[in-house]
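All remarks here apply to the structure that follows.
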Amino acid sequence: MSDSSIAEHADLGDFKTLEQFILEKQDQFDHSSGSFSRLLRDISVAAKIVNRDMRRAGLLDIFGQTGVTNVQGEVQKKMDALANKEFVLALRRGGECCLIGSEEHAEAIPIDASSESDGHYIVLMDPLDGSSNIDVNVSVGTIFSIYRIPDELPPKEATLDDALQPGTDQVAAGYVVYGSSTMLVYTTGDGVNGFTLDPSIGEFLLSHRNVKTPDRGRICSINSGNYHAFDQGLRNYLNWLQEYDEDDPNRPAKTRYIGSFVSDFHRNMMMGGIYMYPATQGNPEGKLRLMYEANPMAFLIEQAGGMATNGEKRIMEIEPTSLHQRTPLFIGSPDMVKRAHAFLRGERS
Ligand code: FDP
């Protein structure tokens with residue numbers, strides 16, 4: 001073995017695999033059955049399969065639309081359908097989950113009653129977020145949120161009502177971003193850790209330990225094409241962000257809007273910034289979905305030291321009423337979200 005390849009192997013040895021990391025965490029709990037660890041493994045396996053297909057998307061017949069319109073009234077892309085299929089399959093096969101809620105299904109998906117599964121977990125997910133970007137090689141992602149049903153409830157009796165818990169009850173949340181590299185980032189409520197997929201060995205390796213978001217940043221992510229549909233308070237905030245201030249290195253802010261929530265969120269969490277999708281005329285309730293977009297990202301950003309609100313209230317304290325409910329969203333560095341609130345309330349102009 002040459003010196004350089006020895007060095008490469010030595011570097012790899014420094015990284016912990018996702019599976020090792022999960023098992024170490026599991027060992028910290030005396031009575032852990034390993035069910036949650038297996039659930040995370042199932043999610044990571046589905047992510048690898050979706051990643052594999054995504055990397056060859058232009059070569060396979062998986063660009064374009066399926067011809068189906070999903071429950072959101074949005075045209076389903078072939079990659080949406082494929083990602084949904086892989087995640088549902090992996091969760092069914094794994095047997096740790098008793099109910100799945102997906103952006104691609106109008107109703108919650110119960111796990112096959114004939115299966116041996118006695119899993120107590122509910123997984124809510126957006127299998128492929130940012131679909132409008134899929135066909136043009138822009139980063140997209142998968143978002144997931146995990147709840148637990150009460151121990152006394154037989155898993156086969158779990159219904160959608162059991163899934164409609166506020167975000168504060170999440171036991172874990174995370175996302176996979178299929179970007180210039182593929183990363184899986186998750187939290188169980190004790191910090192945020194990120195794992196980068198090493199395609200040569202097919203493993204997610206711990207690359208971003210205990211992620212913290214800066215208190216302030218320079219990035220503002222919003223679809224400013226909707227500017228004229230925004231409240232005056234929000235317009236004032238955007239105008240303020242664009243002002244030059246020699247005492248403030250974060251102004252004028254940089255506008256960065258990919259239009260793939262996962263990708264915008266990931267960059268902002270790492271670099272510091274704010275992502276906003278307010279209510280507009282076209283989307284009077286906001287656009288993003290509470291249960292499988294806003295709540296999981298709110299859990300992550302809070303664990304990273306940031307904030308997530310609907311402009312008034314903490315996202316994770318909203319009482320959900322339906323699986324596909326939408327919410328306005330202001331999420332990111334804490335000082336930026338607080339300042340946005342001050343403008344929204346009219347305390348700043
Ligand atoms: P998409 O419609 O492509 O699925 O919630 C979905 C989402 O993308 C987010 O990923 C993205 O940030 C937002 O909608 C983009 O919406 P606009 O096109 O209205 O800006």
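All ligand and atom numbering here is 1-based and tracks the order in the structure. Please read these numbers as outputs of a predicted model, since none were measured by experiment. Because only heavy atoms are used, hydrogens play no part in the values below, and waters and symmetry mates are left out as well, while side chains stay in.
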Kindly state whether the ring of Tyr147 and the ring of Tyr121 have centres lying under 6.0 angstrom apart. no

Charged N to carboxylate O below 4.0 Å: is that the case for Arg314 and Glu302? yes

Phe195 and ring-ring contact (aromatic ring centres under 6.0 Å, His included): which partner among Tyr175, Phe204, Phe21? Phe21

To the nearest 0.5 Å, what is the distance between CG (Leu288) and CG (Leu329)? 5.5 Å

So does Asp162 pair up with Arg148, basic N to acidic O under 4.0 Å? no

So if I count the atoms of ligand 1 from 1 in the order they appear, which ones are less than 4.0 Å from some heavy atom of Glu293? 5 (O), 6 (C)

Tell me whether the count of non-hydrogen atoms from other residues, nucleotides or ligands lying under 6.0 Å of CD in Glu243 goes above 12. yes

What residue and heavy atom of the protein are closest to atom 19 (O) of ligand 1, and at what distance? Tyr277 OH, 2.6 Å

At under 4.0 Å between heavy atoms, what of Ser260 touches ligand 1? The answer is backbone

CG (Leu197) and CG (Leu184) are apart, to the nearest 0.5 Å, by 9.5 Å

For ligand 1, find out whether one of its N or O atoms is nearer than 3.5 Å to an N or O atom of Asp264. no

Closest protein heavy atom (residue, atom, distance) for atom 2 (O) of ligand 1: Lys287 NZ, 2.8 Å

Using a 3.5 Å cut-off on N or O atoms only, is Tyr275 in polar contact with ligand 1? yes

Spacing of CG belonging to Leu323 relative to CD belonging to Glu107, to within rounding of 0.5 Å: 8.5 Å

Taking only non-hydrogen atoms of Phe261 and a 4.0 Å limit, the atoms of ligand 1 in range are 9 (C), 10 (O), 11 (C), 12 (O)

Quick one about Arg267 and Ser221 (side-chain donor to acceptor, distance below 3.5 Å, no hydrogens or angles considered), yes or no? yes

Enumerate the atoms of ligand 1 whose separation from the nearest heavy atom of Arg289 is less than 4.0 angstrom. 5 (O), 6 (C)

Can you sort out which atoms of ligand 1 are near Asn223, meaning under 4.0 Å from one of its heavy atoms? 17 (P), 19 (O), 20 (O)

If you measure every N or O of Leu288 against every N or O of ligand 1, does any of those distances drop under 3.5 Å? no

Closest non-hydrogen protein atom to atom 15 (C) of ligand 1, residue and atom name please, with distance? Tyr257 OH, 3.3 Å

Ligand 1 atoms in contact with Asp129 (distance to a heavy atom under 4.0 Å): 5 (O), 6 (C), 9 (C), 10 (O)

Taking only Lys NZ, Arg NE, NH1 and NH2, and the carboxylate oxygens of Asp or Glu, determine whether Arg256 and Asp264 approach each other closer than 4.0 Å. no

Heavy-atom proximity to atom 11 (C) of ligand 1, best of Ser224, Gly130, Ser221, Gly259: Gly259

Closest to atom 3 (O) of ligand 1 among protein heavy atoms sits Ser132 OG, 2.6 Å

Geometric N/O contact Asn226 with ligand 1, under 3.5 angstrom: no

